Protein chains: 2
Amino acid sequence: MSRSTPEGAARRRQHAELFAALGDATRLALVTTLAAGEPRSIAQLTAHSRVTRQAITKHLRVLERAGLVHCQRAGRESRYRFDPQPMDEMRAWLDRVSAQWDTLLARLKALVEE
Amino acid sequence: MSRSTPEGAARRRQHAELFAALGDATRLALVTTLAAGEPRSIAQLTAHSRVTRQAITKHLRVLERAGLVHCQRAGRESRYRFDPQPMDEMRAWLDRVSAQWDTLLARLKALVEE
DNA sequence: CGTAATAGCAACCCAATGGTTGCATCTTTC
DNA sequence: GAAAGATGCAACCATTGGGTTGCTATTACG
């Protein structure tokens, strides 16, 4: 029953950082943009936004630390591309927790109908 | 190309709030606990944590505003129970974005092999 | 070569957040 | 009815976070 082992806590922190990376409207927009198109430079990503280039840069750094995007310098511009793997991890987590919930409901229902 | 309509922005803010709710290790632990067991009181949830009851209370309020848990007063205690629906929404969002990414890759591959 | 474009760095600001402590309120139970 | 249990509320604190401005460095291009 949620014996919080140290490793478990570390994993949880990792997952939390992942979710937190998507916990901002601007970053969410960046991710959708990058997932829907080819790699884009910071200037390009800033063009469609209402905030400063610096703000976008900070957000991209957060996304990069979470592994959701990767940066590659190309000439005078930094191209950011999407990486789907962390989102797969998130989905796996959501699935695990939902499954827990479902089995719990099933057990309770069985108890009632017994 | 990410024509950010006002409604789209509103939806994005909603989603961001959802993800942000899971963007904290303590809240993540609370959600897993509640999804794995029956409704629990604040005192019970605090018992297995290293932070104060007040901190847990605040976290539960955040989770409630995101719709991830619901509270019901029972006598002198407040019982919180898990609600799986918002997590389904998150999964749907992740699926949509991943699908976008996959179709993009497919299109690019087709272009190369053309 | 000079100029414009792209980006990085640093300092700063303000609001939100996670956390605490202290006290009041309402149930339960003896 | 009084004491113990479980919460709620409010104030407060330190840190983080989103955002900006100003300045510098590198790259592309006429």
Side-chain angles (χ1 to χ4, degrees), chain A residues 4 9-10 12-34 37-66 68-81, chain B residues 4 9-10 12-34 37-66 68-81:
Chain A
S4 60
R12 200 168 23 237
R13 239 172 285 130
Q14 281 285 102
H15 282 139
E17 190 178 351
L18 255 178
F19 282 113
L22 295 185
D24 176 277
T26 306
R27 286 197 291 267
L28 221 48
L30 284 174
V31 168
T32 57
T33 299
L34 287 176
E38 313 180 21
R40 296 178 188 275
S41 70
I42 299 182
Q44 289 175 322
L45 291 170
T46 305
H48 296 291
S49 175
R50 281 170 292 329
V51 296
T52 319
R53 172 180 61 88
Q54 288 304 328
I56 298 294
T57 299
K58 284 191 182 179
H59 283 305
L60 287 172
R61 289 226 215 284
V62 174
L63 291 175
E64 191 175 26
R65 204 175 334 143
L68 283 160
V69 305
H70 293 206
C71 175
Q72 184 174 8
R73 193 79 191 234
R76 67 179 157 184
E77 55 188 17
S78 294
R79 288 232 186 74
Y80 282 83
R81 95 182 124 75
Chain B
S4 59
R12 198 165 31 234
R13 240 170 285 130
Q14 282 285 101
H15 283 138
E17 191 178 353
L18 255 179
F19 281 113
L22 294 185
D24 176 277
T26 305
R27 285 197 292 265
L28 219 48
L30 284 174
V31 168
T32 58
T33 299
L34 287 176
E38 312 179 22
R40 295 177 189 276
S41 71
I42 300 182
Q44 289 175 323
L45 291 170
T46 306
H48 296 291
S49 175
R50 282 171 293 328
V51 297
T52 319
R53 172 181 61 88
Q54 288 304 328
I56 298 293
T57 299
K58 283 192 184 179
H59 283 305
L60 286 171
R61 289 227 216 283
V62 173
L63 292 174
E64 190 175 27
R65 205 177 334 146
L68 284 159
V69 305
H70 292 202
C71 176
Q72 184 175 7
R73 195 78 192 235
R76 66 180 158 186
E77 56 187 16
S78 295
R79 288 233 186 72
Y80 282 84
R81 90 182 127 75

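As a basis for the values below, the full set of heavy atoms in this structure was taken, side chains included, without hydrogen atoms, waters or symmetry mates. Keep in mind it's a predicted model, so treat the numbers as computed, not measured.
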Length of the CD1-P vector between A:Ile56 and C:dG8, whole Å = 13 Å
C:dC9 phosphate, OP1 or OP2: any side-chain N/O from A:Arg61 under 4.0 angstrom?
-> yes
Over how many whole Å does the gap from A:Leu30 atom CG to D:dG19 atom P extend?
-> 10 Å
Is any side-chain N or O of B:Lys58 under 3.5 Å from a base N or O of C:dG19, one able to act as donor and the other as acceptor?
-> yes
Between atom CD in A:Glu77 and atom P in D:dT27, what is the gap in whole Å?
-> 13 Å
Of A:Gln44 and B:Gly23, the one whose closest nucleotide on DNA chain C sits nearer the 5' end is A:Gln44
Between D:dT7, D:dG19, C:dG18, which one does the side chain of B:Asp24 approach most closely?
-> C:dG18
Which of the following nucleotides, C:dG8, C:dT6, C:dG19, is nearest to the side chain of A:Ile42?
-> C:dG8
From the list D:dA28, C:dT21, D:dG8, which nucleotide is the closest neighbour of the side chain of B:Thr52?
-> C:dT21
Any donor-acceptor N/O pair, A:Arg27 side chain to A:His59 backbone, under 3.5 Å | no
Could you tell me whether a side-chain N or O of A:Glu77 sits under 3.5 Å from a main-chain N or O of A:Ala74, the two making a donor and an acceptor?
-> no
Would you please confirm or rule out a distance under 4.0 Å between OP1 or OP2 of D:dG17 and any side-chain N or O of A:His59?
-> no
Rounded to whole Å, the CZ-P distance (A:Arg73 to D:dA28) equals 10 Å
Indicate, with a heavy-atom threshold strictly under 4.0 Å, whether B:Ala43 touches base, sugar-phosphate, or nothing.
-> sugar-phosphate
A:Gln72 CD to C:dG8 C1', straight-line distance once rounded to whole Å | 18 Å
Please examine the side chains of A:Leu18 and A:Leu68, heavy atoms only from C-beta on, and report whether any two atoms are closer than 4.5 Å.
-> yes
Roughly how far, to the nearest 0.5 Å, is CG of A:Leu34 from CG of A:Leu45?
-> 5.0 Å
Give a yes or no answer on whether the side chain of A:Ser49 reaches the backbone of A:Val51 with a donor-acceptor pair at less than 3.5 Å.
-> yes
With the side chain defined as heavy atoms from C-beta on, A:Gln54 is closest, among C:dC9, D:dG18, C:dA7, to C:dC9
A:Leu60 has an atom CG; how far is it from atom P of D:dG18, in whole Å?
-> 13 Å
Would you call B:His48 and B:Thr33 a side-chain contact if the rule is heavy atoms closer than 4.5 Å?
-> no
Starting at atom CZ of A:Arg79, determine the distance to atom P of C:dG8, rounded to an integer number of angstrom.
-> 13 Å
Taking the side chain of A:Thr57 as its heavy atoms from C-beta onward, which of C:dG8, C:dT28, D:dT7 lies nearest to it?
-> C:dG8
Does A:Arg50 make a side-chain donor-acceptor contact with the base of D:dG19, cut-off 3.5 Å?
-> no
Can you tell me if the side-chain N/O atoms of B:Thr26 get under 4.0 Å from OP1 or OP2 in C:dG18?
-> no
Is any side-chain N or O of A:Arg53 under 3.5 Å from a base N or O of C:dG8, one able to act as donor and the other as acceptor?
-> yes
Taking only side-chain nitrogens and oxygens of A:Ser78, does any of them come within less than 4.0 Å of OP1 or OP2 of C:dT6?
-> no
The nucleotide from D:dT7, C:dA4, C:dG19 with an atom nearest the side chain of A:Arg76 is C:dA4
Whole angstrom is fine here: how far is it from CZ in B:Arg40 over to P in D:dA6?
-> 15 Å
